[in-house]
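No hydrogens, no waters, no symmetry mates; every other heavy atom, side chains included, goes into these values. Convention: sequence-line order gives letters A, B, ...; per-chain numbering from 1.
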There are 2 protein chains.
Amino acid sequence: MINDTKYVYMTQVMKAMAHPTRLFIVDLLNEREHCVCELQEQIGSDMSTISRHLAVLRNAGIIDSRKENNQVFYRLLCPCVLEFYHCVADMNHKRS
Amino acid sequence: MINDTKYVYMTQVMKAMAHPTRLFIVDLLNEREHCVCELQEQIGSDMSTISRHLAVLRNAGIIDSRKENNQVFYRLLCPCVLEFYHCVADMNHKRS
DNA sequence: GACAGATTTGTCTATTTTGCCAAATAGGAA
DNA sequence: TTCCTATTTGGCAAAATAGACAAATCTGTC
């Protein structure tokens with residue numbers, strides 16, 4: 001039961017979102033497409049670290065990328081993940 | 001920015017959901033309240049392991065518990081987390 | 001009080017995740 | 001080709017997480 005494809009995939013998506021930097025990236029990509037260097041400017045970590053975070057999100061199917069010259073642009077595939085934000089924010093508000 | 005309360009709490013919730021057993025627990029609790037022994041019957045792992053999973057979900061504010069005699073019943077505080085399931089299931093479907 | 005069932009917690013080990021540095025790769029410009 | 005900029009990847013050490021077992025706790029019963 002627990003090994004149903006459903007749970008395996010859901011877990012991958014949840015894990016991909018379970019990091020503050022990656023949540024922030026999802027927020028940024030919800031506005032518009034960004035290249036890696038723009039993300040780095042906003043986030044401030046090492047670019048290799050950001051690249052790894054992006055790979056996690058892409059492997060989970062949450063974002064996708066395209067190359068333009070020597071830059072790579074990322075975009076959010078599934079803005080619906082953000083609906084979850086509101087649900088969670090409400091929870092947080094209620095318990096405070 | 002990344003250390004905003006918003007992201008800290010969101011991350012805690014996402015981490016709490018980022019495990020197949022815990023997702024399964026959330027699904028079970030969505031039907032109705034369950035005591036720990038019922039959950040164990042469905043899940044099959046060691047009861048101590050299940051108890052830890054429940055603690056993770058409770059600390060994140062996703063579930064709550066009440067005692068009745070010598071049993072502890074858990075219930076889902078925020079069924080809206082399940083809406084995320086559909087969003088994710090759609091994503092999975094599209095990319096397959 | 002001793003006992004039994006249900007649940008939680010302490011502790012330890014194995015596994016996974018993170019983040020940094022350096023090296024590799026890709027594409028365009030000189 | 002060589003150089004430069006943007007990005008990804010290899011490798012490693014630190015930190016976090018998961019699961020098992022035993023011990024502790026809590027509550028009702030004898």
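Nucleotide C/dT7 holds its C1' atom 13 Å from the CZ atom of B/F73, rounded to whole Å. Atom pair B/Q12:CD and D/dT17:P shows a separation of 10 Å (rounding to whole Å applied). If you take CZ of A/R66 and P of C/dG27, they are 15 Å apart, rounded to a whole angstrom. Across the protein-nucleic acid pair, B/E68 atom CD and C/dT7 atom P stand 11 Å apart, rounded to whole Å. Across the protein-nucleic acid pair, B/N59 atom CG and C/dT8 atom C1' stand 13 Å apart, rounded to whole Å. In this structure, the CD1 atom of B/I25 is 12 Å from the P atom of D/dA18, given to the nearest Å.
Without hydrogens or angle criteria, A/N59 side chain to A/A55 main chain gives a donor-acceptor distance under 3.5 Å. Side-chain atoms of B/T11 come within 3.5 Å of backbone N or O of B/Y7 as a donor-acceptor pair.
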**Fill in**
Reading nucleotides 25-30 of chain D from 5' to 3' and marking B where a protein heavy atom lies under 4.0 Å of the base, S where only the sugar-phosphate is that close, and - otherwise, the string is -SSS--
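Near DNA chain D, meaning a heavy atom under 4.0 Å from it, residues 17-24 of chain B has B/H19, B/R22 in order of number. Proximity of residues 28-56 of chain A to DNA chain D (heavy atom under 4.0 angstrom from any strand atom) is restricted to A/C35, A/V36, A/C37, A/M47, A/S48, A/S51, A/R52.
The side chain of A/K15 has C/dT17 as its nearest neighbour among D/dT17, C/dT7, C/dT17.
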**Asked** How far apart are the C-alpha atoms of A/R58 and A/Y74, what are their side-chain angles, what is the distance that settles it, and do they pass the side chain to side chain contact (heavy atoms under 4.5 Å, CB included) test?
**Response** CA-CA 9 Å; A/R58 188 172 44 195; A/Y74 282 87; 3.6 Å; yes
**Request:** Would you check, one step at a time, whether the test side chain to side chain contact (heavy atoms under 4.5 Å, CB included) holds for A/L76 with A/N30?
**Result:** CA-CA 6 Å; A/L76 189 58; A/N30 187 48; 3.8 Å; yes
**Request:** Determine, step by step, whether B/L54 and B/L39 satisfy the side chain to side chain contact (heavy atoms under 4.5 Å, CB included) criterion, reporting the C-alpha distance in whole Å, the side-chain angles of both residues, the deciding distance to 0.1 Å, and the verdict.
**Result:** CA-CA 10 Å; B/L54 290 167; B/L39 294 173; 3.8 Å; yes
**Asked** Hey, mind stepping through A/R32 and A/E38 against salt bridge (Lys or Arg N to Asp or Glu O under 4.0 Å) and telling me if it holds?
**Response** CA-CA 11 Å; A/R32 62 172 171 80; A/E38 288 172 328; 3.6 Å; yes
**Message:** Is there a salt bridge (Lys or Arg N to Asp or Glu O under 4.0 Å) between B/K6 and A/D27? Walk through the geometry before answering.
**Reply:** CA-CA 12 Å; B/K6 170 187 172 186; A/D27 251 3; 2.9 Å; yes
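Hydrophobic clustering of Ile, Leu, Val, Met, Phe, Trp and Tyr side chains at less than 4.5 Å, counting indirect connections, unites A/L28 with A/M17. B/V56 and B/V36 fall into different hydrophobic clusters, defined by Ile, Leu, Val, Met, Phe, Trp and Tyr side-chain heavy atoms under 4.5 Å apart, directly or through other members.
Taking the six-membered ring where tryptophan is involved, the planes of A/H19 and A/H53 are tilted, since the angle between them lies from 30° to 60°.
Using a 4.5 Å heavy-atom threshold, the side chains of B/E68 and B/C35 count as separate.
Contact check, A/Y74 against D/dT8: a side-chain N or O comes under 4.0 Å of OP1 or OP2.
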